[in-house]
Structure formats: C-alpha cells, structure tokens
**Q** 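This is the structure I have questions about; it appears just below.
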Number of protein chains: 2
Amino acid sequence: MAEPLTPTEMAGWRAYIESSQLLMTQLEEDMRAESGLTFNDYHVLVLLSEAPDGRLRMGELASRLVFSPSRLTYQIGSMEKRGLVARESCPEDRRGSEAVLTAEGLRTLREAAPHHLRSVRANFMDGLDETEIAVLTRVFTRLGERLRAERVAQ
Amino acid sequence: MAEPLTPTEMAGWRAYIESSQLLMTQLEEDMRAESGLTFNDYHVLVLLSEAPDGRLRMGELASRLVFSPSRLTYQIGSMEKRGLVARESCPEDRRGSEAVLTAEGLRTLREAAPHHLRSVRANFMDGLDETEIAVLTRVFTRLGERLRAERVAQ
DNA sequence: GCCAGTTGGTTCAAATCTGAAATAGAGCTA
DNA sequence: TAGCTCTATTTCAGATTTGAACCAACTGGC
C-alpha cells in the first residue's frame, strides 16, 4: 500500500487543521472579551434557542454538541449556576432530564450574537468569495452527514 | 448595520464548525485506539520530527501549536514522562529551553503515522474530489496566513 | 408480573487546560 | 555596571474534560 495521503492531500489537510486551530482560538478570545462566554456556552444557547420551547433532552444536546455525557452534565451545571439555563426532569422518561433556556440565557444570547457573528465575519468569512463559500458549505455538509451516519452505526 | 452574516454564509459557517467538531472527535478516538496517543501528542511529534535536529524552542513550538505557554509546559512535561521527548536548556539563551525528539518519540511517530493518515483519508479526504481539495487548500492556507499575521500584530 | 439486559444521566478521581503570578535571564541606557 | 524593561518559561490555583463506574428507570421476553 502506498502512502496514505498524497502530497497535495497532505498540504490541504495541514492547512485545514492548523488554520482551524488558529481560527477557533481567535473566536474563543473574541467571545470571551466581548461577552464573557465560552464558545461552548454560546453553542448551547444557540441550540436551545432553536429548539421548540427552548428545551432539549441532555442526550440530544450532547449528541449535537459532540460532547461526552459527563462533559455535558458539567457544562449544563456550570451554565445553571450562572442562570443561563435550568435543568428539569423529564415527564415522559423519568431517567432523563432536559436543559431549558432561561429568559436570562436568551437575553445573553441576543446580546452576544452580533458580536460573535461580526467576529466570524472578520476572522473567516471576509476572506472568502462566493464560490469558496459554496464549496465549503457543500464539502462540510456532506462530511457532517457522513460522520453522523457512521457515528450512529458505531 | 445589517445582519452580520447572510443566510448563505451562516449555513456555511454552521456546516464547517459542526462537521469539524465531529471530525476532530473521530480522529481523536481513532488515534487513541490505534496508537494510545493524543492528537496533541502526535502534532508535537510531527513538528519536532520536521525541525532541524529534532528540536524546537518552547516558544516556537507553542506558537505553531497555538498553545498557551503554560499549556505547552504541561504537554511537554507529560510527553517527557512517557519518554517521547526530552527537555534541554538552551545554550544561547539561558532563559529558554528546547524540546527534543527522542529515539523513542521518533519510533512512536513512525508507528502511529500510517494509522493516523489512513484515518484522515477515511474520515475526511475520501469524501473530496480534486477541485474541492484545491479550494480547501487555497482557502485555509490564506486563512492561516491572515490569522497568523494579525496574531503577531496583536 | 418478574427478570436480564439496555439506556439516560450523574458521580468520581485523575488528567488536562487556563489565566494570572512568579522567576530568571537578556538587553539597553545612563 | 547598576537599574529598568522586556522576554521565555514555569508555577500555581482553579476550571474543565476524560473515561470508568454507578444508579435508576425503561423494555422485552417469559
């Protein structure tokens, strides 16, 4: 078997991985400076705000965030302390619990979103033209679908 | 000022960020299962193996990994315990120290690399055609250059 | 109904990561 | 060369993350 990656592929891979690291760090820093939130905090708020009734089962949230169960327990606990979400036990399945967006959480999200999106634009989107955005969207949408499918199948 | 991101941009952004999360998690898991290494461990080994004489100053390594100084201190300490790298104090500047790849570290890298690269191919590259790879490479190379430049300028 | 086997979440100890000090040496200027 | 400022790295305490173990509640087969 030949090299697992051609030089061209290797270059693409390295560029992607290293720049993504850089981008994440930058966005994290901006978010912290502007809103005092973590990227994870923000992502939880977004997902909850989009869910019907502002609530999601822990498992569902964990799977969308790609978080381990214990990590999500901690994350929600931390956000609960800060009043951004509440935890309610689930009526249909008494093993389960749900995270619910609070008014304070929604307010925090509304306040943070424009700053964050501006940061995304400045650090990422502004460098791309329309064709590139289209390719990225296509590539990563497909990638996500593939990986999610495999993940379910183990 | 209008919305900071158009719906098209937003879709691209979400696809990128969520799929990247998924991809990283998958690669991490594969790496751990196949080599008992962390993605960070691996990246350190790669950077050192490419450096002249297999050694790099802590600061240089931190900057390439996008690690905080204290994080790198910890990371190298951990790898030192496992015999993958050694730490030597720097002759030219006695404040500094360098991380040096050990024979054991090089052996570990050689053993891990094919598994990892196969995982990168299977989870990422195989889904892309040549045009897409070219676009990704171009986009992320440019992004990296931009972000690094801004990072230096504060 | 009653188990055995799953599932959904939490808990726990250990590992890792973070930002703010602390250290120590370099380098410049008077 | 003494005194200042800056730089490279480590240390420290606290926050987060990890994987394994645990607990309770659901489910299906008998």
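Chain naming here is simple, since letters A, B, ... match the order of the sequence lines and numbering starts at 1 in each. If you're wondering where the values come from, they're calculated on a predicted model, not measured in any experiment. FYI, side chains are in, hydrogens and waters are out, and symmetry mates aren't considered; it's all heavy atoms of this structure.
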**Q** Of the nucleotides D/dT18, C/dT18, C/dT10, which one has an atom closest to the side chain of B/S70?
**A**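 Shortest atom-to-atom distance from the side chain points to C/dT18.
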**Q** What nucleotide among D/dT10, D/dC26, D/dG19 has an atom nearest to a side-chain atom of B/R32?
**A**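 Nearest listed nucleotide: D/dG19.
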**Q** Of all the nucleotides listed (D/dT16, C/dG19, D/dA8), which has the minimum atom distance to the side chain of A/Y74?
**A** D/dT16
**Q** Choose from C/dC17, D/dT17, D/dC26 the nucleotide whose nearest atom is closest to any side-chain atom of A/Q75.
**A**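 Shortest atom-to-atom distance from the side chain points to D/dT17.
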**Q** Before accepting this row, confirm whether a basic side-chain N of the pair A/R138/B/E132 lies closer than 4.0 Å to the acidic partner's carboxylate O.
**A**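 Here A/R138 pairs with B/E132 in a salt bridge, since their nearest N and O are under 4.0 Å apart.
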**Q** Going by atom types alone, do A/Y16 and B/S20 pair a side-chain donor with an acceptor below 3.5 Å?
**A**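 Indeed, the side chains of A/Y16 and B/S20 share at least one donor-acceptor pair under 3.5 Å.
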**Q** Using a cut-off of 4.0 Å on non-hydrogen atoms, how would the nucleic acid contact of A/S97 be classed: base, sugar-phosphate, or nothing?
**A** sugar-phosphate
**Q** Run the salt-bridge test on A/R107 and A/E111 with the 4.0 Å N-O cut-off and return the result as yes or no.
**A**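 Judged by the 4.0 Å cut-off on N to carboxylate O distance, A/R107 and A/E111 do not form a salt bridge.
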**Q** Please report the distance, rounded to the nearest Å, between CD in A/E92 and P in C/dT7.
**A**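 A/E92 atom CD is separated from C/dT7 atom P by 19 Å.
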**Q** Starting at CG of A/L72 and ending at C1' of C/dG8, how long is that distance when rounded to a whole Å?
**A**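 Distance check: A/L72 CG to C/dG8 C1' gives 12 Å.
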**Q** Return the value, rounded to whole Å, for the distance between atom CE of B/M58 and atom C1' of D/dT11.
**A** 13 Å
**Q** Of B/T38 and B/P91, whose nearest nucleotide on DNA chain C comes first from the 5' end?
**A**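 Comparing both residues, the 5'-ward one is B/T38.
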**Q** For B/E29 and D/dT18, what is the distance between atoms CD and C1' respectively, to the nearest whole Å?
**A** 12 Å
**Q** Phosphate oxygens OP1/OP2 of D/dT9: is one of them under 4.0 Å from a side-chain N or O of B/R87?
**A** no
**Q** How many whole angstroms separate atom CG of B/L56 from atom P of D/dA8?
**A** 15 Å
**Q** Does B/R95 make a side-chain N or O approach to OP1 or OP2 of D/dC6 shorter than 4.0 Å?
**A** no
**Q** Quick one: B/L61 CG to D/dT10 P, roughly how many Å, whole number?
**A**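 After rounding, the reported distance stands at 11 Å.
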**Q** At 4.0 Å (heavy atoms only), tell me whether A/R94 reaches a base, stays on the sugar-phosphate, or touches nothing.
**A** sugar-phosphate
**Q** Starting at CZ of A/R57 and ending at P of D/dA25, how long is that distance when rounded to a whole Å?
**A**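 A/R57 atom CZ is separated from D/dA25 atom P by 14 Å.
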**Q** Quick one: do A/E88 and A/R55 make a salt bridge, cutoff under 4.0 Å?
**A**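 Between A/R55 and A/E88 there is a salt bridge, with a charged N closer than 4.0 Å to a carboxylate O.
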**Q** If you measure from the Lys or Arg side-chain nitrogens to the Asp or Glu carboxylate oxygens, is any gap between B/E80 and B/R87 under 4.0 Å?
**A**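 Answer for the salt bridge query: yes.
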**Q** So if I take every side-chain heavy atom of B/S78 and compare against C/dT16, D/dT10, D/dT11, which nucleotide ends up nearest?
**A**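 That would be C/dT16.
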**Q** Could you tell me the separation between the CD1 atom of B/I76 and the C1' atom of C/dT16, rounded to a whole number of Å?
**A** 14 Å
